Amino acid sequence: DFSSVYEHYSRYYAYKGQVAKSIESYETRADYDSKFTNPIDNLLGRLFELRDYCLIGKKDLALKKQKDAISKLAPPFDLLAGFSAVFIGDILNDTKIIESGLDNVEAFLKIKKFEHVRIIVVIGQASIHRCKGEYDLAITKYNEAKAVAISMGIGHDLTISLMECHIAK
């Protein structure tokens, strides 16, 4: 269907390094999906791709879109949206952004027992260690997150993050 086609376009352009086109395809898909999915899922889904704006030098736009999306989410889902800060901060190597996202995700997890979200905490911890040059700790956390992802049957790929740590250490 339409959504699936634009998801594949987005991945295709991302693999080719054409991040702006990837974002455009993702936004087209998200706009289409908004007609058929609940608003919370649609907003949270859009937050996953904000890190890509940072890859093309549009940090301010990513943070603005994040803030706008969060303002539309009712509690406690506004806290869950902190996951996007973890990914944005990771791309920017900004531990303060990562930590703010982690604080929100951990606060969300105290309210809602969404255990599948806990992987974000582990990824955020790994990212902080990587940003601080604590590569052995980062590798341990990334491997922990990878094991959780595999056990959950999700495809979160941490290979690049692991490679960066191994090369840097």
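Remember, predicted model here, so these are calculated numbers, not experimental data. The basis for the numbers below is simple: all heavy atoms, side chains too, and nothing from hydrogens, waters or symmetry mates.
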Does the side-chain contact (heavy atoms from CB on, under 4.5 Å) test come out yes or no for Asn104 and Leu80, once each step is laid out?
CA-CA 6 Å; Asn104 286 334; Leu80 175 58; over 6 Å; no
Hey, are Lys64 and Asp68 close enough for a salt bridge, meaning a charged N less than 4.0 Å from a carboxylate O?
yes
May I ask you to check whether Tyr142 and Lys146 show a side-chain donor-acceptor distance below 3.5 Å?
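Tyr142 vs Lys146: no donor-acceptor pair found between side chains.
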Side-chain H-bond candidate by donor/acceptor type, Asp33 with Ser3, under 3.5 Å:
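Short answer, yes.
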Using side-chain contact (heavy atoms from CB on, under 4.5 Å), reason through Ile23 and Glu49 one step at a time and then give a plain yes or no.
CA-CA 7 Å; Ile23 292 169; Glu49 303 305 317; over 6 Å; no
Would you say [X] and [Y] make side-chain contact, with heavy atoms under 4.5 Å?
X      : Y      : result
Glu27  : Arg46  : yes
Phe48  : Phe83  : yes
Ile128 : Leu102 : yes

Within the distance-only criterion (no hydrogens, no angle test), does the side chain of [X] pair as donor or acceptor with the backbone N or O of [Y] below 3.5 angstrom?
X      : Y      : result
Ser84  : Leu47  : no
Arg118 : Val148 : no
Asn143 : Ile139 : yes

For the residue pair Phe114 and Phe108, does the interplanar ring angle fall in the parallel (under 30°), tilted (30 to 60°) or perpendicular (over 60°) class?
perpendicular
Can you label the angle between the Tyr9 ring and the Tyr6 ring as parallel, tilted or perpendicular, going by 30° and 60°?
perpendicular
Using salt bridge (Lys or Arg N to Asp or Glu O under 4.0 Å) as the criterion, list what pairs up with Glu144, not counting sequence neighbours.
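Expected list: Lys141.
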Working note: Lys59 + Leu92, criterion side-chain contact (heavy atoms from CB on, under 4.5 Å); need CA distance, chi angles, decisive distance, verdict.
CA-CA 8 Å; Lys59 168 190 167 185; Leu92 298 172; 3.7 Å; yes
